[in-house]
Amino acid sequence: MLLPVQVHSDEILSHILSHDTTILIGETGSGKSTQIPQLLLKYGKIAITQPRRVAAINLATRVAQETNSRVGDTIGYSVRFDHRTSSKTRCKYVTDGMLLREMINDKELKNYDTVIIDEAHERTVLTDLIIGFLKELQGRRKLRIVIMSATLNAESFSRFFHNAPILHVRGRRFPVQQLYLREPCDDLVEIAIRCVVQINAGEPLGDVLCFLPGQEEIDRAVTFLERIGPEIRSRGFPVMVGMPLYASLPPSEQLKVFQRIKGKQQSRKIIFCTNVAETSITVPGVKYVVDSGLRRVKVWRHALNLSTLLTVPVSRASAQQRSGRAGRECAGKCYRLFQESDFEKMPAVTEPEIARCDVTEPLLLLKRHGVDDVLNWSWFEHPGKESILQALGELLLLGALDAKGSLTPLGYRMSSLPLPPQLGVVLIAAEDKQKHCLDTCIDIVACLSVENVLLSPPWEQRDIVNERRTAICHRASRWGDLVLYKELWDHYFRTSLTGDEKKTFCQELYVNQRAMRQVQKVRGQLRSLFRLHEDPDPTAHHALETEEIPAVITCFLSGYPKNLAILHPDRSHKIVTTGETVQPHPASTLFTQRKTDCPAILYTEYVYTSKGYARNVSRLELSWLSS
DNA sequence: GAGCACTGC
């Protein structure tokens, strides 16, 4: 059967060809991501961006199959650490980060006649930047742009591109019935469980996907469901198997949501998930969605130089996306754990990331692209004057800009590295230090730039895992988390470990092995950018020496000069710039250390939750500060 | 003795 985009292909094609820019609203199941590029194949070279690596690879693979070709021939892809393209490639699926990097070397994007921005509604910072660059570029040369979005906010795209026409392609989805609470609720987890129990008792078999704001609520819900399990069974209702799903979960646990439940009994999966299941992970077999209408979001406060973690209502677009997860295979139902009047009050679309993140890195990129007046750039959405001024100040402090706001040679180098500016400074500072300082800093920076390297064990194993970690990383308990990363890496990377031993090592220490493989790739990329030989003989790997710790931590101080807190007579650590009190996060190796033991601490991140917590904390001696 | 949502080079 033809996909909606195929049914209307003539109309869509002639429309795209006769306009410089087209906004295409394609609902899920319309086939836009696979079909639109195929329609345009005859009309020049195409780049199509995706927010995620897996999506870029999967789509390219599928379209190559559909066109009876091999990936890398006509249809290719390019993501970090993996690309399949050739001189024959006419259509390339890329991550948006990758396209931005390409644009550094080729400002005019001469390789492409058409650029398609897919999933534009997700509005990552990177899509926003690309959109701004494309508009500028269109002012200089002929370039066909297609903005593809799944939701409502098409008007803002249209307005930005001189009122570009909006095309609408229906999707193919099954109907989803919406149900609301009649009265407000106070305990979210309790009401979620009651809802799930009700579905289980009254609805035909089918799995349930329950959206909760975060890990804490999810773990509570899973435990709750386990506790009431025996009673459910004793009443003869189907067995409910509760499963958590969030990004920092070990991959083996994540895979469980794709597996069938063993046993012959009637059963259903109840998957308690965060936003991962809204975009990144598609769980098959879901017939019912339970939506708390909430999500957890990190908000950067430029005035305070810290980020906060907030629980906020989702947008109507996002609630719609969540409920759509119930209608992928057959008609479904969505139970919204809020009132219909609350739904009306929700914002129409999610606030874009650019409005709530630190723009230091985006600004460095703009400067690298030669944008002098960043305040008046063609922002798709302006991040705000204050936010920009703060970021400019940070770049000035780091030495990336001079007093006139021009990119310095240092800033130029920083912008070439696939790292946030601060970590770039750390490595550039490490180059001038003693032998091996750069090796060590690269290992640590690689760990820092990969998410979820350390998994958090269940509470009953917490102490034992901590002990195991500090037993083999014995200098980390004095010097802190950066040293911990390096020592863990040294143990993981040493050649005497076989594949199985590496696996066991990771399991015992709750280290995410998938993340460690990623660390290895990042490390390799950084080493080659700094022209360090890729250890031909891995026994030559440089393991941490205690003597080099001061130099290493001092390099991090160059990257994070403001993230320094000094021990005061009242036994608290106060941030030098603001005088505020910080405390190492409970997940830090320095958390348990007596406060008076550290004359000063340095951290890479400051997050305000119930208190101000410093993350990735290191001990610092006052004598290191003068140099 | 606390919890991190998600993603890119």
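Protein chains get the first letters and strands the later ones, always in sequence-line order, with residue 1 at the start of each. Please read all numbers here as calculations on a predicted model, not as lab measurements.
Between the side chains of A/Arg295 and A/Ser318, no donor-acceptor pair is found at a separation under 3.5 Å.
Taking the side chain of A/Ala247 as heavy atoms from C-beta on, and the options B/dC9, B/dC6, B/dA5, the nearest nucleotide is B/dC6. Listed nucleotides: B/dG3, B/dA5, B/dC9. Nearest to the side chain of A/Arg80: B/dC9. When distances are taken from the side chain of A/Glu361 to each of B/dG8, B/dG1, B/dC6, the shortest belongs to B/dG8.
Atom CD of A/Glu216 and atom C1' of B/dA5 are 14 Å apart (whole Å). Between A/Glu278 atom CD and B/dA5 atom P the separation is 15 Å, expressed in whole Å. Straight-line distance from the CD atom of A/Glu119 to the C1' atom of B/dT7: 13 Å, rounded to whole Å.
A/Ser33 meets the side-chain hydrogen bond (donor to acceptor under 3.5 Å, both in side chains) test with A/Asp118; sequence neighbours excluded. With sequence neighbours left out, the ring-ring contact (aromatic ring centres under 6.0 Å, His included) criterion links A/Tyr335 to no other residue. Not counting sequence neighbours, A/Tyr510 has no partner by the ring-ring contact (aromatic ring centres under 6.0 Å, His included) test. Scanning for side chain to side chain contact (heavy atoms under 4.5 Å, CB included) contacts around A/Ser588 gives A/Asp481, A/Pro584, A/Leu590, A/Val617, with sequence neighbours left out. In this structure A/Gln520 satisfies the side-chain hydrogen bond (donor to acceptor under 3.5 Å, both in side chains) test with no other residue, sequence neighbours excluded.
Here A/Arg52 lies in heavy-atom contact (under 4.0 Å) with sugar-phosphate atoms only. The residue A/Arg53 sits close only to the backbone: its heavy atoms come under 4.0 Å of sugar-phosphate atoms, none of a base.
A salt bridge (Lys or Arg N to Asp or Glu O under 4.0 Å) check over residues 120-136 of chain A, counting only residues at least two apart or in different chains, returns the pairs A/Arg52-A/Glu122, A/Arg123-A/Asp128, A/Arg123-A/Glu381. Contacts classified as salt bridge (Lys or Arg N to Asp or Glu O under 4.0 Å) and involving residues 510-522 of chain A (residues at least two apart or in different chains) are not found.
Less than 4.0 Å separates DNA chain B from at least one heavy atom of each of the following residues of residues 94-101 of chain A: A/Thr95, A/Gly97, A/Met98, A/Arg101. Listed by residue number, the members of residues 601-614 of chain A with any heavy atom below 4.0 angstrom from DNA chain B are A/Glu605, A/Thr609, A/Ser610, A/Tyr613.
Donor-acceptor pairing under 3.5 Å, judged by distance alone, is absent between the side chain of A/Glu451 and the base of B/dG8.
A close approach under 4.0 Å does occur between a side-chain nitrogen or oxygen of A/Ser280 and OP1 or OP2 of B/dT7. Of the side-chain N and O atoms in A/Thr274, one or more sit less than 4.0 angstrom from OP1 or OP2 of B/dC6.
With DNA chain B read from its 5' end, the first of the two nearest nucleotides for A/Thr279 and A/Leu417 is the one closest to A/Thr279.
Here the two rings, on A/Phe133 and A/Trp377, have centers that are under 6.0 Å apart.
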